[in-house]
**Q** 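Starting off with a structure, shown below.
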Amino acid sequence: MVRQLRGVGLDFAESAPVRLVFAAEVAAAPEDVYRALAEETRAWPHWFTAVTFARPTAEGREVHLKGGTKFMETVVAAEPGERYAYRIDLTNAPAVTAMLEEWRIRPTGAATRVQWTMAVDGPAPLRLVLRAARPGVGRSFRDAVRALDRRLAGQRRQ
């Protein structure tokens with residue numbers, strides 16, 4: 001069953017009842033990281049193993065995750081080399097009432113800091129589950145960023 005979520009803006013990344021925030025560094029340049037996030041949508045399953053399918057749409061993206069969760073997203077911020085954010089508009093995920101993900105990218109000397117915020121609202125039981133899932137979500141993020149870094153390093157060598 002597909003459900004319409006509540007529309008939220010960028011401020012939701014700071015005000016959501018549940019905010020899972022993770023950061024890691026990569027050797028790739030901010031522009032390369034941004035391009036992978038915002039422009040190479042179909043490649044997400046190659047480096048983010050939780051994603052099984054991703055394709056661009058007129059407004060944003062369609063994304064499928066392991067386990068069968070599906071999202072229709074609208075891009076709400078596309079700032080090359082700095083930030084990429086999208087709101088989830090439609091999903092089959094139970095109990096979620098609003099969701100936004102924001103990727104912040106910033107140079108740190110010879111590296112790039114990648115910060116991912118998953119901002120979610122829903123009833124109290126969902127909030128508890130998401131907070132309990134923080135370690136696993138963090139591990140998935142770190143694995144994805146490492147894989148993205150390897151992928152981008154391979155592109156630089158070509």
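Side-chain atoms are counted along with the backbone in the values below, which use heavy atoms only and exclude waters and symmetry mates. Note that the numbering runs from 1 along the sequence shown for the chain.
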**Q** With Met99, which of Arg87, Arg6, Met118 fulfils side-chain contact (heavy atoms from CB on, under 4.5 Å)?
**A**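 Passing option: Met118.
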
**Q** Are Phe53 and Trp44 grouped together when hydrophobic residues (ILVMFWY) are joined by side-chain heavy atoms under 4.5 angstrom apart?
**A**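 Each belongs to a different hydrophobic cluster.
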
**Q** For Ala36 and Trp47, which heavy atoms make the closest approach, and how far apart are they?
**A**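 Minimum heavy-atom separation between Ala36 and Trp47: O-CZ2, 4.4 Å.
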
**Q** Roughly how far, to the nearest 0.5 Å, is the CG atom of Leu5 from the CZ atom of Phe71?
**A**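 So the gap between those two atoms works out to 8.5 Å.
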
**Q** So does Ala147 get a backbone contact from the side chain of Arg151, meaning a donor-acceptor N/O pair under 3.5 Å?
**A**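 No: the side chain of Arg151 does not pair with the backbone of Ala147.
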
**Q** Distance check, rounded to the nearest 0.5 Å: Asp11 atom CG versus Leu100 atom CG?
**A** 9.0 Å

**Q** Do Phe12 and Val21 land in one hydrophobic cluster if side-chain heavy atoms of ILVMFWY residues count as linked below 4.5 Å?
**A** no

**Q** Look at Asp149 together with Arg146 and state whether they make a salt bridge at an N to O cut-off of under 4.0 Å.
**A**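 No, no charged N to carboxylate O under 4.0 Å.
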
**Q** Any side-chain heavy atom of Leu126 within less than 4.5 Å of one from Val120?
**A** yes

**Q** Please determine whether residues Val8 and Val76 belong to a single hydrophobic cluster, defined as Ile, Leu, Val, Met, Phe, Trp and Tyr linked transitively by side-chain heavy-atom distances below 4.5 Å.
**A**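 Yes; tracing contacts between hydrophobic side chains, which count when under 4.5 Å, links both residues.
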
**Q** Do you know which two heavy atoms are closest between Leu90 and Gln4, and how far apart they sit?
**A**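 For Leu90 versus Gln4, the nearest heavy atoms are CD2-OE1, 3.3 Å.
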
**Q** Scan residues 91-102 for pairs that pass salt bridge (Lys or Arg N to Asp or Glu O under 4.0 Å), counting only residues two or more places apart or in two chains.
**A** Arg83-Glu102, Glu102-Arg104

**Q** A quick test of your reading: do over 12 heavy atoms of other residues, nucleotides or ligands sit less than 6.0 Å from CD of Glu79?
**A** yes

**Q** Any heavy-atom pair between the side chains of Glu73 and Ile88 that's under 4.5 Å?
**A**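 Yes; the side chains approach each other to less than 4.5 Å.
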
**Q** What distance separates Glu31 CD from Thr112 OG1, expressed to the nearest 0.5 Å?
**A** 7.5 Å

**Q** At what distance, to the nearest 0.5 angstrom, does CG of Leu65 lie from OG1 of Thr52?
**A** 6.5 Å

**Q** Distance check, rounded to the nearest 0.5 Å: Glu25 atom CD versus Gln115 atom CD?
**A**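 Answer for the CD-CD pair, Glu25 versus Gln115, is 12.0 Å.
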
**Q** Quick one: does any side-chain atom of Thr74 pair with a main-chain N or O of Glu59 as donor and acceptor, under 3.5 Å?
**A** no

**Q** With a 4.5 Å limit on heavy-atom distance, are the side chains of Arg42 and Pro56 in contact?
**A**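 Contact flag for Arg42/Pro56 side chains = yes.
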
**Q** How close do Ala119 and Ala13 get, counting heavy atoms only, and between which atoms?
**A**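 Where Ala119 meets Ala13 most closely, the heavy atoms are CB-CA, 3.9 Å.
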
**Q** Quick check for you: to the nearest 0.5 Å, what is the distance between Asp143 atom CG and Phe48 atom CZ?
**A**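 Answer rounded to 0.5 Å: 9.0 Å.
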
**Q** Checking the side chain of Asp121 only, and the main-chain atoms of Thr97 only, is there a donor and an acceptor separated by less than 3.5 Å?
**A** no

